[in-house]
Protein chains: 2
Amino acid sequence: MLDRIHLTIIQEVEKQGSLTAAANVLCLTQSALSHSMKKLEQQLGTDIWLREGRSLRLTQSGQYLLEVANRVLPQLTLAEERLRQFSQGERGTLRIGMECHPCYQWLLKVVSPYLAAWPDVDVDVKQKFQFGGIGALFGYEIDMLVTPDPLYKTGLHFQPVFDYEQVLVVGPQHRLRNAGFIQPEQLAEETLITYPVEIDRLDIYTQFMMPAGISPKRHKPIETTDIMLQMVASGRGVAALPRWLVSEYTTKFDVAPVRLGKHGIAKQIFLGIRESDAHIDYVKAFVELAQARHDMQEHKA
Amino acid sequence: MLDRIHLTIIQEVEKQGSLTAAANVLCLTQSALSHSMKKLEQQLGTDIWLREGRSLRLTQSGQYLLEVANRVLPQLTLAEERLRQFSQGERGTLRIGMECHPCYQWLLKVVSPYLAAWPDVDVDVKQKFQFGGIGALFGYEIDMLVTPDPLYKTGLHFQPVFDYEQVLVVGPQHRLRNAGFIQPEQLAEETLITYPVEIDRLDIYTQFMMPAGISPKRHKPIETTDIMLQMVASGRGVAALPRWLVSEYTTKFDVAPVRLGKHGIAKQIFLGIRESDAHIDYVKAFVELAQARHDMQEHKA
DNA sequence: CATAACGTATGAATAATATTCATCAATTTG
DNA sequence: CAAATTGATGAATATTATTCATACGTTATG
């Protein structure tokens, strides 16, 4: 069977000019090369070299094999180099899953410096999962999960990476705009605009209105943050978003944040990975980058 | 070292779904595959499969290796197939050298049916040789030589493939046009047009004029047969060409052949090969094709 | 829920293969 | 022409691959 060693020998013999010289370079004896190639020639049924006195000249088969060697061997050495990079965690693909809209905003800020620091790592972002984010993590659909709902299970590791306050966003001249904070009842006559997800994943429902037995007058799902705030700014309803996100949009739209309840709704985003991946350099680096940003945030607060 | 067998195993395991099934297909034991791959994993420093219960899942490294396998293995099997074809003489490159202009005309007629019969054989035609045609044959510059001057030496094999008469070509109203044959002296006042080669390779000199101590009034070298005959037809000189070649041009130009000397100049073209190549199918086929045409020609005559 | 069936891992034994050593023949070099 | 160099080759040896026997864990089944 035509094997890597044969291609290597042919290439080296051509480079060195003789079996003996090639044998030295390859740390083998001349005899070994001679035996190897003779066997190959017998198996292929064609000579690779014409033996002329004590020198070798490639036959047509030999020339062809040399071309194959020059083409194939680099592919194998590249593969080995790549695998070394994989094993050192220098290269890979980081598939990040996300389960919430604020997560996405946060991610954008982290990925950019990460990509710069790890040029050989590809980052894929996925948003839909058949069995939920945790399932996707366990099922190797993704390698990392950004979520507000950690699930501390064996085999997984979660850590908080971002703290924020969920606030109500109102437009100009809204009657609640200057309230220090609001009570659930004050939303009963409002149109509530949210991302199009199940109600039990909306904190303003689960943590604010549902405990008080209140529903908004109307509920309107909107895909994008921009459109959502545009509608809020034009007085078509109110929304619930992270305070920091609202702050970023106040120059663009005339909207204002209002605290939900006396103490506000405190939220956290978590980063989850499989514990078995914790040693991989480029995974570790991502977690550490997130950690560092989190520490910075706490220091400011 | 990443070797062909490893790529084969990875590919087959993926195809069959398990080590055990792949082992059967590859005519090895499950144990052999397990040992092989474990060793590779240790050398590469990275796992290829994640062992989950009794099934295997490719890691990133493994997926990458599978891609490499799918890309590289076909190249190796193709190479083996090509080498088999080389060994069977079904495929190759036939480098044909030529030393005379009539040779080229003859070759064109033979190559065309040959290429049709041997679609996997490339034919290269070369016309310039550092050490002459024979030298090129010995030096493996070419595999076949078409020449009027065979040299029967050990290691080479020549055989005649074309007989023809070298004749003088004259234009319309030429004073020699209707002579049955001419003597050397009758060329003393003519302009002789020939291909641009050394005089001692021109038969009309070596076999006709030089023995009689005669030179033409002028000697004009012309590259192509067409231009040459055009000049002859316009009365600008006379030329020496094979009779059959002149016949082919009589419809195109108003030229006529005249015998050189009472018995004419008889010429032969020979086909030479290295004896060591005589067994190669596509070489043998070419020689036989030439032989067949020669026999046909003799039969007609 | 026990148990059969199946898949992988592993150490030791064995078989197969590659490599070396010693030597020859042929060719080139000085 | 002697010395040096190169490739080929058979036998001895070392290395490597493969098998065998078996263990361990998972999955399927009645």
Side-chain angles (χ1 to χ4, degrees), chain A residues 1-59 61-63 65-66 138-140 154-155 276, chain B residues 1-59 61-63 65-66 138-140 154-155 276:
Chain A
M1 189 159 82
L2 180 59
D3 228 331
R4 181 173 185 175
I5 187 66
H6 301 118
L7 297 179
T8 308
I9 292 175
I10 289 171
Q11 201 180 50
E12 199 60 44
V13 167
E14 199 61 17
K15 192 172 162 195
Q16 301 298 328
S18 78
L19 272 191
T20 308
N24 289 330
V25 173
L26 298 175
C27 297
L28 287 168
T29 59
Q30 170 269 322
S31 180
L33 298 209
S34 182
H35 280 301
S36 288
M37 298 311 289
K38 167 130 291 183
K39 186 178 171 190
L40 180 67
E41 287 179 328
Q42 283 167 355
Q43 286 173 346
L44 294 177
T46 173
D47 282 357
I48 291 167
W49 288 291
L50 288 171
R51 277 72 173 178
E52 298 180 324
R54 72 190 198 191
S55 69
L56 303 173
R57 156 188 270 120
L58 285 173
T59 60
S61 296
Q63 284 176 27
L65 270 182
L66 178 60
F138 264 119
Y140 287 85
T154 49
S276 59
Chain B
M1 191 158 80
L2 180 59
D3 229 330
R4 181 175 185 173
I5 186 67
H6 301 118
L7 297 179
T8 307
I9 292 175
I10 289 172
Q11 202 180 48
E12 199 60 43
V13 167
E14 198 61 16
K15 191 172 164 193
Q16 301 298 328
S18 79
L19 272 190
T20 307
N24 288 331
V25 173
L26 298 176
C27 298
L28 287 169
T29 59
Q30 171 270 324
S31 179
L33 299 208
S34 183
H35 280 300
S36 288
M37 298 311 288
K38 167 130 294 184
K39 186 177 171 189
L40 179 66
E41 288 180 328
Q42 283 167 354
Q43 286 173 347
L44 295 177
T46 174
D47 282 357
I48 290 167
W49 288 291
L50 287 172
R51 277 72 172 177
E52 297 181 326
R54 72 189 196 192
S55 68
L56 302 173
R57 175 206 296 279
L58 284 174
T59 59
S61 296
Q63 285 175 25
L65 270 182
L66 178 60
F138 263 119
Y140 287 85
T154 48
S276 59

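Residue numbers start from 1 in every chain, and the chains themselves are labelled A, B, ... in the order their sequence lines are given, proteins ahead of strands.
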Whole-Å gap separating P (D/dA17) and CG (B/Asp3) | 9 Å
Rounded to the Å, how far apart are B/Met1 CE and D/dA17 C1'?
-> 15 Å
Answer yes or no: side-chain N or O of A/Arg54 and base N or O of D/dT6 forming a donor-acceptor pair under 3.5 Å.
-> no
Could you tell me whether A/Ser34 contacts a base, only the sugar-phosphate backbone, or nothing, with contacts defined as non-hydrogen atoms closer than 4.0 Å?
-> base
hbond_proxy B/Ser31 side chain to C/dT10 base (donor-acceptor, 3.5 Å cutoff) = yes
For B/Thr29, which contact category applies under a 4.0 Å heavy-atom criterion: base, sugar-phosphate, or nothing?
-> base
Picking from C/dT19, C/dA9, D/dA8, which would you name as closest to the side chain of A/Arg51?
-> D/dA8
Does a side-chain heavy-atom distance below 4.5 Å link A/Leu28 with A/Ile9?
-> no
Of the candidate nucleotides D/dA17, D/dG10, C/dT17, which contains the atom at the shortest distance from the side chain of A/Lys39?
-> C/dT17
What about A/Ser18: does its side chain form a donor-acceptor pair under 3.5 Å with the base of D/dT5?
-> no
Looking for any heavy atom pair under 4.0 Å, which part of the strands does A/Leu28 touch: base, sugar-phosphate only, or nothing?
-> sugar-phosphate
Which is true for B/Ser36 with a 4.0 Å heavy-atom rule: it touches a base, it touches only sugar-phosphate, or it touches nothing?
-> sugar-phosphate
Hey, is the side chain of A/His35 pairing donor to acceptor with the base of D/dG10 inside 3.5 Å?
-> yes
Send over the distance from B/Gln30 CD to D/dT18 P, rounded to a whole Å.
-> 13 Å
